[in-house]
Amino acid sequence: MESGLTKGGGNPPRVVIVGAGPAGVRCAETLLAAGITPVVIDENRRGGGQIYRRQPEGFQRPYATLYGSEAGKAESLHRTFDGLRGRLDYRPDTLAWHLHERTLYTVQGNRQRTLDFDALVLCTGAGDRLLPVPGWNLAGTYTLGGAQIALKAQAVSIGRRVIFLGSGPLLYLVASQYQQAGATVAAVLDTAPLRLRAQATPKLLARPGVTWKGVQLMASLKRAGVPLHFGVTPLEILGDAEQGVRGVAFADAR
């Protein structure tokens, strides 16, 4: 990156960052410290990204309720971005939809713009990978990311009784956030095979802080009476086109 950020004539390079989540904010902070003012393209209204997505203006929910075990990191990131914002070319509510050579195509509302750059940094984060089991497209079925957006950005639960199905640390984080927000978490169904969980143990023990956080999330769910099932195989999401989802059929590891 260093060799690509020098322009002739002493003009600073134009660096565009796509995304204002943890990676985008820290990238902008680093560039500003080096004397480079980046353009930050953000699909959201306010910096924070998906995992630390902010609640709407006027909402006063405390960080601990909104982000659970990630509250400290979320608050630190938001404060950092708020301190940087006046020094950035920040463009919120802007979608980056196409890239050709050294030009980025964006749209904000009904206005389309092109943005030339010398360097482009993509900080778009991760997306949900869906498993298309029968019934996965029924109304009332959401991705983990979609469930988080509803809770953080709109202060609503996706339903009165919610089942969380999937694998990875986000599964337990979102379930815990819903439980702390007052939703009824009917069950957490973890699809990770037990043999793979056992194989991952040495690597988990190498990061005791992360491992302990995961243990705490699962423990808090158990204390709340939430059933946890491990190594499950999803068979079908039950429901119909008129009423939407009403349950999940699965086979457990036993």
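Numbering of residues begins at 1 and proceeds along the displayed sequence. Since the model is a prediction, treat every value here as computed from it, not as a measurement.
Side-chain contact between D190 and V232 is absent, with no heavy atoms from C-beta onward closer than 4.5 Å. In this structure, the side chains of K222 and L228 come closer than 4.5 Å at one or more pairs of heavy atoms. Annotation: side chain of V39 is in contact with side chain of I41 (closest heavy-atom distance under 4.5 Å). In this structure, R46 and R53 have side chains that are not in contact, with every pair of non-hydrogen atoms separated by 4.5 Å or more. Annotation: side chain of L120 is in contact with side chain of V18 (closest heavy-atom distance under 4.5 Å). Proximity of V121 to V15: side-chain heavy atoms (C-beta onward) are separated by under 4.5 Å at one or more points. Using a 4.5 Å cut-off on side-chain heavy atoms (C-beta onward), L115 and R14 make contact. Looking only at side-chain heavy atoms (C-beta outward), V133 and E236 stay at 4.5 Å or farther from each other.
Side-chain atoms of Q50 come within 3.5 Å of backbone atoms of G145 as a donor-acceptor pair (strictly under, hydrogens ignored). Without hydrogens or angle criteria, Q108 side chain to P92 main chain gives a donor-acceptor distance under 3.5 Å. Distance alone, capped at 3.5 Å, is enough to place a donor-acceptor pair between the T80 side chain and the S76 backbone. Within the 3.5 Å criterion, the main-chain N or O of A147 finds a donor-acceptor partner in the side chain of Y178. Using modelled atom types, no side-chain atom of D42 and backbone atom of R91 make a donor-acceptor pair closer than 3.5 Å.
Smallest separation of non-hydrogen atoms from Y90 and G47: OH-N, 3.3 Å. Shown here for K73 and K213, the closest heavy-atom pair between the two residues is NZ-NZ, 3.8 Å. Looking at every heavy atom in both residues, T141 comes nearest to G135 through OG1-O, 4.0 Å. When all heavy atoms are compared, the tightest approach of I163 to A186 is CG1-CB, 3.9 Å. Heavy atoms only, all atoms of each residue included: T191 and S167 are closest at OG1-CB, 3.6 Å. In this structure, L165 and P234 approach most closely via the heavy-atom pair CD2-CB, 4.0 Å.
A salt bridge links D82 to R54: one of the charged nitrogens lies within less than 4.0 Å of a carboxylate oxygen.
Every residue two or more places apart in sequence or in another chain was checked for a ring pair (Phe, Tyr, Trp, His ring centres under 6.0 Å) with F117, and none qualifies. Under the ring pair (Phe, Tyr, Trp, His ring centres under 6.0 Å) criterion, Y172 pairs with no residue, sequence neighbours left out. In this view, D116 and T103 satisfy the side chain to side chain donor-acceptor pair (under 3.5 Å) rule, not counting sequence neighbours. The ring pair (Phe, Tyr, Trp, His ring centres under 6.0 Å) search around Y105 returns W97, H98, not counting sequence neighbours. With sequence neighbours excluded, no residue forms a ring pair (Phe, Tyr, Trp, His ring centres under 6.0 Å) with Y52.
Rounding to the nearest 0.5 Å places CG of L170 at 5.0 Å from CG of L144. Between T114 atom OG1 and L99 atom CG the span is 12.0 Å, to the nearest 0.5 Å. Here the straight-line distance linking atom OH of Y67 with atom OG of S176 works out to 15.0 Å at 0.5 Å rounding. In this structure, the separation between CD1 on I36 and OG1 on T30 is 10.5 Å, given to the nearest 0.5 Å. For the atom pair CD of Q177 and CG of L151, the computed distance is 6.5 Å after rounding to the nearest 0.5 Å. Rounding to the nearest 0.5 Å gives a distance of 6.0 Å between CG of L217 and CG of L173.
Among residues at least two apart or in separate chains, there is no salt bridge (Lys or Arg N to Asp or Glu O under 4.0 Å) pair with a member in residues 106-115.
The only option from L84, L32, V16 that meets the side chain to side chain contact (heavy atoms under 4.5 Å, CB included) definition with P38 turns out to be L32.
Residue R26 qualifies as enclosed at atom CZ: its count of foreign heavy atoms under 6.0 Å is above 12. For R161, the CZ atom counts as loosely surrounded, since its 6.0 Å shell holds 12 or fewer non-hydrogen atoms of other residues, nucleotides or ligands.
Hydrophobic clustering, with ILVMFWY side chains joined whenever heavy atoms are under 4.5 angstrom apart, groups V185 together with Y142. I237 and F250 fall into different hydrophobic clusters, where Ile, Leu, Val, Met, Phe, Trp and Tyr side chains are chained together by heavy-atom contacts under 4.5 Å. Residues V226 and V162 share a hydrophobic cluster, clusters being chains of Ile/Leu/Val/Met/Phe/Trp/Tyr side chains in contact below 4.5 Å. Side-chain heavy atoms closer than 4.5 Å link hydrophobic residues (I, L, V, M, F, W, Y) into clusters, and following such links, even through other members, never connects L189 to L171. Linking ILVMFWY side-chain heavy atoms closer than 4.5 Å, directly or via other members, places I149 and L95 in two distinct hydrophobic clusters.
S220 and Q216 are not linked by any side-chain donor-acceptor pair at a separation below 3.5 angstrom, with hydrogens and angles left out of the test.
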Q | CA sep, side-chain torsions, deciding dist, call: T184, R160, side chain to side chain contact (heavy atoms under 4.5 Å, CB included) | A | CA-CA 6 Å; T184 299; R160 293 182 180 179; over 6 Å; no
Q: Begin from the C-alpha positions of L130 and T143 and carry the test side chain to side chain contact (heavy atoms under 4.5 Å, CB included) through to its verdict.
A: CA-CA 8 Å; L130 303 181; T143 65; 3.3 Å; yes
**Q.** Chi angles and distances behind the side chain to side chain contact (heavy atoms under 4.5 Å, CB included) call for M218, F230
**A.** CA-CA 12 Å; M218 288 190 285; F230 304 100; 4.1 Å; yes
Q.
If you apply the rule side chain to side chain contact (heavy atoms under 4.5 Å, CB included), what do you find for V248 with L238, and how did you get there?
A. CA-CA 5 Å; V248 177; L238 306 173; over 6 Å; no
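A tilted orientation is assigned to the rings of Y63 and H78, their planes being inclined by 30° to 60°.
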